[in-house]
Structure formats: structure tokens, C-alpha cells
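Step one of this worksheet: look at the structure below.
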Amino acid sequence: MALRVVQWATGGVGTAAIKGVLEHPDLELVGCWVHSADKNGRDVGELIGGDPIGVPATTSVEDILALDADAVVYAPLLPNPDEVAALLRSGKNVVTPVGWVYPSEKQAAPLRAAGLAGNATLHGTGIAPGGISEKFPILFSAMSTGVTFVRAEEFSDLRTYDAPDVVRHVMGFGETPDKALSGPMQKLLDGGFIQAVKMCVDAFGFAADSKIVARQEIAVATAPIDSPIGTIEPGQVAARKFHWEALVGDEVVVRVTVNWLMGEENLDPPWDFGPQGQRYEMQVLGNPDFSVAITGFQGEVGDQGPEPGVVATAAHCVNSIPAVCAAPPGVATYLDLPLFGAKAAPGLHRG
């Protein structure tokens, strides 16, 4: 029997998740919650640019809660713990890319209670945080011993990110340095990335200070730069770096870094991606030292279609559903789930 899945929200991740569920041999899409009234009642297949599939979208939370379903891929722009708790109490497992990758006991307690009440499980996942930042460094570290340092780092060209209001008003690009540094982006990123660092600290057993150090840097344009928000003028923010670090005494033992650049030209300081270009990179220092670079999750300027990293985020959610549905009720992190992967494409799957 296929697991019955509901998609919550149909933005970039939600749309990719719907396509992923439709491709997965062990999953069946049975419902979809949407925010806007103009999507209410429309066929989900048409909402994602395809043929009708016989599943109507709804704006009614009550209808979703009443639906007979095994799991919900919960992908709104911002998480609402009350919504997640209601879904769990209704007996639906929840997989989400917007939080709870490695929640503290205070963060987890009310949702664990909701999960126990509904015999359901919450799992936070994604790409970074939610994969590259903690799950995969831990996985690769099995080939080393005596680990002294772990690093996970993103190198992305933000000129492919077609969300101008978010890029300017949330991420702070095109602003003055002072306005960008005091803006909301650091706080918005802290929750997920601090959890990622803490998962690594606990998995490796580092005797690290409980406080994770967060810091940020900016680079400004030295000449006009074309971007999704229009021209970034000299002196305006054109690149940002965010770092999260766990320390044992004065020694950094885990570092997660995000590098967001509007290209590699006309920046002060003169940051670039290096010869490997856009990528996600992981490094473990131990016996032996090693590093891993992953390409393909970042789009190139001028590419058509969805951003690969958005599709990968959705895929990580979709592929985790069977494992999450089989897990004990409550809150499950990567440390609680077995190894899982993708399934073969339709037409190539033996089932």
C-alpha cells in the first residue's frame, strides 16, 4: 500500500515536492493545502504546470486535518508550530524543510507531545541546514578517526535567486553595510544553523561550549553589478558571509559557513569562489584528513527552470517519508532514522 501524502504550500519547494511524490513508487498524493484563494479548488496537477491528477487544492486547514493521510510535507515560507502540532495530533507524520532539524528539548517538547497524542512523528530536513551542514559530514566521517575539526560550507551565486523582495529586504543586498548587518537575516538563519552545529557537536562528542558563536561579514560593490534586484551601486552590499562555530576552549571544532555573492567581480573585499566555483564543501580533520565538494545544487546565471537546490531540498523531504512514517512517534532527527535514499524513475523501477 502506498503511503498517502499531503503537500502543504505550493511555492518552489512545495511544487518540487509534489512532482517528487508523483514520481515515487511508494507514495500517493491525496491532498494539498494552499494559501491563496485563487488556487482553492484547482487541480494540483494544473497548479504545477502539468495535467490534472484528480486532487483538488484547498485553503481549508480543517479539511486537511480531517483527511485520511499518512504524511504531510510541510513547506510554508515560515513555520507555524501550532499548525505542525495540529497535523501531528491528527495522526499525520510531518516532514518539513523549515525547522526542527535538531531541536532543543524546549523546542521539541510540545511537538513531541502532539506526536505522541496522534501516534505521529515530526522530522526536519532540507539541504543546508538539513543535509550538507550536518547529516553528510557525520556520514562521511565514518572514514576517519580522532576528529579534531569539521567544516561545512556553501558557495552560491545569488544572481540566480529570483526573489527580489527577499534578496533586498530580508537578505540585505543593495543596502548600506550598517543596515544589512543589523537586518533580520542573521537571526533568521541562526535557528537552523545553530541546530546543525549542535548536531555535529553531539554526534562527534566534542566537549564544546554550549553557546554557538554566530558572526557575519559583508562585501560591497566597487562598480555597478547587475542583479535580481536591479543594479547594485558602488558602496552597497553585494556579498555576505555567515559563520556558526562551536569551540572547545579557544579552538573551533565545528564551523558552518554560508558564502552568498552577487558574482565574483567588483567586490571589496575581493571575495570569489575559487577554482572549484559554486559548490557545497565538507571537510573533516582527523586520521586521515579529507574534504568533499558537491556541485550541481546551484544553478548558473541564465539557467531556465527551478533552482536545483530547491528541487534537492524537496527531494530530501520526499525520500524521507517512508522512514519517518516507520519511526516511533515524537520527534525524529537524522540520528534516529535509518539510511534511506531515492527510488528509481518511473519506467525503470522494478515494482
Do the non-hydrogen side-chain atoms of [X] and [Y] ever get within less than 4.5 Å of each other?
| X | Y | result |
| --- | --- | --- |
| T222 | P234 | no |
| L3 | P322 | yes |
| V150 | Q283 | no |
| V5 | V72 | no |

Next item on the list: Specify whether F155 and F273 have parallel, tilted or perpendicular ring planes, treating 30° as the upper limit for parallel and 60° as the lower limit for perpendicular.
Entry: perpendicular
Next item on the list: Measure the acute angle between the ring planes of W260 and F242, then classify it against the limits of 30° and 60° as parallel, tilted or perpendicular.
Entry: perpendicular
Notebook entry, point to check: So does K343 have more than 12 non-hydrogen atoms from other groups sitting under 6.0 Å from NZ?
Noted result: no
Next item on the list: Please indicate whether H349 has more than 12 foreign heavy atoms, meaning atoms of other residues, nucleotides or ligands, lying under 6.0 Å from its NE2.
Entry: yes
Taking 4.0 angstrom as the limit, do [X] and [Y] come out as a salt bridge?
| X | Y | answer |
| --- | --- | --- |
| R279 | E154 | no |
| K211 | D209 | no |
| R151 | E281 | yes |

Residues [X] and [Y]: side-chain donor-acceptor under 3.5 angstrom:
| X | Y | result |
| --- | --- | --- |
| Y74 | E83 | yes |
| K106 | S104 | no |
| T125 | Y334 | yes |
| W271 | E217 | no |
| T176 | D178 | no |
| D190 | W244 | yes |
| T10 | K39 | yes |
| Q278 | S156 | no |

Note to self: On a heavy-atom basis, which atom in I321 and which in A71 lie closest, and how many Å separate them?
What the structure shows: CG2-CB, 3.8 Å
Notebook entry, point to check: Is the NZ or CZ atom of K198 positioned over F206's six-membered ring, under 6.0 angstrom from the centre and within 45° of the axis?
Noted result: no
